[in-house]
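A short worksheet on the structure shown next.
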Amino acid sequence: MENKLFIYNSLTRKKELFEPINAPHVGMYVCGPTVYGDPHLGHARPAITFDLVFRYLQHLEYKVRYVRNITDVGHLENDADEGEDKIARKARLEDLEPMEVVQYYTNSYHRAMHLLNVLDPSIEPHASGHIIEQMSMIKKILDAGYAYESEGSVYFDVEKYNKEHPYGILSGRKVEELMATTRELDGQQEKKNSFDFALWKKAAPEHIMRWPSEWSDGFPGWHMECSAMGTRYLGEEFDIHGGGMDLLFPHHESEIAQSVAANGRMPVRYWMHNNMITINGQKMGKSLGNAVSLEEFFTGSHELLKQAYSPMTIRFFIMQAHYRSTLDFSNEALQAAEKGYRRMMAAMEVMEKLQANGNAEESVNIAELKAKCYEAMNDDFNSPILIAHLFDGVKIINSIKDGKAKIDEENLSMLKELYLVFVNDILGLKAEGEAESKDDLSSKLIETLLQLRHEAKLNKDFATADKIRDQLTALGLVIKDTKDGVEWDIE
RNA sequence: GGUCUCGUGGCCGAGUGGCUAGGCAGGGGUCUGCAAAACCUCGUACAGCGGUUCGAAUCCGCUCGAGACCUCCA
């Protein structure tokens with residue numbers, strides 16, 4: 001049951017059985033962030049989506065090499081005025097060094113990803129560290145005759161390529177249509193056709209990030225980095241390439257064209273694309289000015305946020321929707337996710353203390369639940385369905401605790417295993433914020449107070465008992481009177 | 001303008017021909033000194049209009065609405 005994984009392939013627009021080229025090895029490349037701003041909720045979506053893929057593939061015992069790049073080339077420009085050479089030169093020294101900007105936002109991205117419990121990829125290459133590879137790939141494309149040089153820049157010859165290979169195979173576009181719809185861009189007059197894209201761009205004077213090449217002092221085109229680094233670390237053909245749907249065209253389309261032109265073969269078996277996060281029905285994006293940074297979510301410091309949302313709440317929220325659906329941000333939805341997440345975590349705490357209370361005949365059947373969990377994940381990583389099944393299990397757990405359901409030893413150990421595997425390992429959810437708060441001294445103090453309350457209750461002094469509870473509640477504690485005694489937790 | 005996607009109950013969100021997820025919120029109940037938690041239970045939704053079918057949220061057509069891409073973008 002664990003080995004029939006189906007993945008929706010954007011290339012064929014169908015769910016396909018996943019068969020790695022070199023099982024048990026799997027190569028996966030995902031487009032990472034452009035590090036020029038704070039990571040926002042939009043960045044969390046692909047990171048978490050492919051973290052789920054990474055975790056599940058590893059659970060299925062594949063040996064995954066997961067490459068997620070850092071884009072640090074081609075987007076960084078100095079805003080200083082042109083022509084004012086002296087000032088510009090001085091400004092250069094006082095300005096941030098580009099790599100300083102890169103480092104700052106890369107660190108910030110990593111911090112956010114760690115808080116979201118996103119595993120580090122196997123390799124995280126920087127585009128700026130692979131200029132050699134990109135230049136050599138450009139040469140291969142030139143040698144193959146699918147590119148031309150013009151005024152120090154190198155462009156991909158889409159029209160020529162399209163005569164032998166379909167440009168538009170991934171996005172479903174046709175070159176003739178592109179002809180009619182492409183807008184005016186700078187550098188347009190250097191190109192044979194408006195839809196030709198740059199493999200190497202001659203740097204304008206204000207462009208700081210530049211490298212010498214046989215064509216000009218310049219920098220590689222945006223699409224080159226992923227092709228070059230994917231090939232470098234995963235080979236000319238690898239299993240999975242992921243990224244946001246907004247990258248499908250032209251980025252991924254062009255990656256295919258570059259690889260086919262350079263290596264003569266399709267680079268990727270399975271193309272996966274996560275959908276966008278929307279806010280008021282519109283895509284959330286830095287350039288649209290409606291992006292809420294992850295830091296702001298964690299602290300609640302944004303006018304759109306009614307409260308802070310913990311990293312695990314964000315993670316749970318994202319995984320409660322299928323990765324190919326748009327997911328609409330709202331406080332109501334986040335608050336619902338927060339409560340759901342806490343309920344699941346609370347149930348797991350209950351589960352740990354559970355004892356078998358029945359024999360095999362009267363026991364609940366966990367094997368069935370387990371099979372459903374695998375079925376959900378095997379169906380194109382359907383995390384919302386998986387979570388729905390896990391909530392069914394939450395009811396089972398709580399019912400066993402209440403003595404309303406029976407479980408035997410075998411099913412109990414299967415249950416515990418199931419939740420550790422699916423909730424912790426695969427969904428990557430963990431309890432947050434408790435370990436450090438429940439230190440010994442505080443715990444003993446709280447338990448002392450609860451003991452006093454217990455004694456007050458025995459004396460029917462409910463006023464005192466309630467006063468203790470109210471004050472502990474005011475401090476952010478949750479007091480639960482169960483038939484097995486009092487329990488407390490930090491809200 | 002071109003290409004494509006989507007429109008599900010109060011909110012979020014699965015589901016792609018019959019078996020009518022799940023979470024949150026709300027009503028009722030059990031338990032409890034009370035409360036909380038938990039459990040049980042109730043809301044019977046699929047934009048509109050036609051069509052195909054024994055049967056459609058699910059397939060087809062049209063209408064309306066929303067969005068994405070075509071430019072950097074997760």
Side-chain angles (χ1 to χ4, degrees), chain A residues 13 30-34 36-37 39-50 71 74-75 168 171-174 176-186 195 222 242-251 253 273-278 280-288 291 316-317 320-322 324-341 343-344 346-347 350 372 376 379 382-392 394-399 401-405 457 460-463 465-466 469-470 473 478-483 487 489 491:
Chain A
R13 301 178 188 222
V30 174
C31 293
T34 302
Y36 70 127
H40 58 76
L41 189 59
H43 290 102
R45 176 92 118 143
I48 289 172
T49 295
F50 293 102
T71 295
H75 302 282
S171 60
R173 284 164 208 279
K174 293 190 171 62
E176 308 83 72
E177 286 161 3
L178 293 173
M179 184 89 82
T181 59
T182 308
R183 300 181 198 175
E184 281 301 310
L185 291 168
D186 53 295
F195 44 72
W222 174 41
M245 259 178 199
D246 51 348
L247 299 179
L248 204 139
F249 188 90
H251 186 54
E253 190 72 63
H273 292 93
N274 64 273
N275 215 319
M276 302 292 103
I277 285 182
T278 60
N280 296 323
Q282 208 189 21
K283 175 180 165 179
M284 182 182 280
K286 184 171 190 275
S287 52
L288 297 167
F316 189 78
F317 172 67
Q320 257 194 319
H322 186 83
R324 281 190 288 109
S325 300
T326 56
L327 172 59
D328 199 52
F329 155 83
S330 69
N331 281 284
E332 293 72 19
L334 253 341
Q335 282 161 1
E338 179 178 61
K339 292 200 176 178
Y341 159 71
R343 199 156 93 85
M344 172 112 17
V350 168
K372 284 181 180 172
D379 184 16
N382 200 325
S383 56
I385 295 284
L386 170 63
I387 289 171
H389 292 320
L390 291 171
F391 271 114
D392 288 341
V394 164
K395 283 190 183 172
I396 292 173
I397 289 167
N398 287 323
S399 294
K401 188 199 176 202
D402 287 354
K404 289 172 183 163
K457 278 171 69 179
K460 304 258 185 235
D461 181 4
F462 297 122
D466 288 352
R469 182 176 65 195
D470 289 347
T473 303
V478 184
I479 310 302
K480 301 174 194 170
D481 289 325
T482 71
K483 62 182 171 62
E487 289 177 7
D489 219 330
E491 188 57 294

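Each chain gets a letter, A, B and so on, in the order its sequence line appears, and its residues count up from 1.
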- Non-neighbouring partners of A:H389 that pass ring-ring contact (aromatic ring centres under 6.0 Å, His included), sequence neighbours left out: none
- Message: My understanding is that only residues two or more places apart in sequence, or in another chain, count here; which of them pass side chain to side chain donor-acceptor pair (under 3.5 Å) with A:D470?
- Response: none
- Task: Considering just the side-chain nitrogens and oxygens of A:T34, establish if one lies under 4.0 Å of OP1 or OP2 belonging to B:rA74.
- Result: yes
- With sequence neighbours excluded, residues passing side chain to side chain donor-acceptor pair (under 3.5 Å) with A:T278: A:D328
- Query: Partners of A:T473 by side chain to side chain contact (heavy atoms under 4.5 Å, CB included), sequence neighbours excluded?
  - Reply: A:R469
- Item | Residues which pass side chain to side chain donor-acceptor pair (under 3.5 Å) with A:R324, listed by chain and number, not counting sequence neighbours | A:D380
- Heavy-atom protein contacts under 4.0 Å, nucleotides 31-44 of chain B, coded B base, S sugar-phosphate only, - none: --BBBBSSSS----
Every protein N/O within reach of nucleotides 8-12 of chain B N/O, cut-off under 3.5 Å:
none

- Message: Using the salt bridge (Lys or Arg N to Asp or Glu O under 4.0 Å) criterion, which residues pair with A:E253? Sequence neighbours excluded.
- Response: none
- Intra- and inter-strand pairing of RNA chain B, written as dot-bracket with Watson-Crick and G-U pairs under 3.5 Å and | for the latter, reads ((((((((.[[[)....(...]]].(((((.......)))))....[[[[[..)....]]]]])))))))....
- Among all residues two or more places apart in sequence or in another chain, which pass the ring-ring contact (aromatic ring centres under 6.0 Å, His included) test with A:H251? A:W222, A:H223
- Query: Does A:S325 make a side-chain N or O approach to OP1 or OP2 of B:rA14 shorter than 4.0 Å?
  - Reply: yes
- Among all residues two or more places apart in sequence or in another chain, which pass the ring-ring contact (aromatic ring centres under 6.0 Å, His included) test with A:F249? none
- Message: Holding to side chain to side chain donor-acceptor pair (under 3.5 Å), I want the full list of residues that pass it with A:K457, two or more places apart in sequence or in another chain.
- Response: A:D481
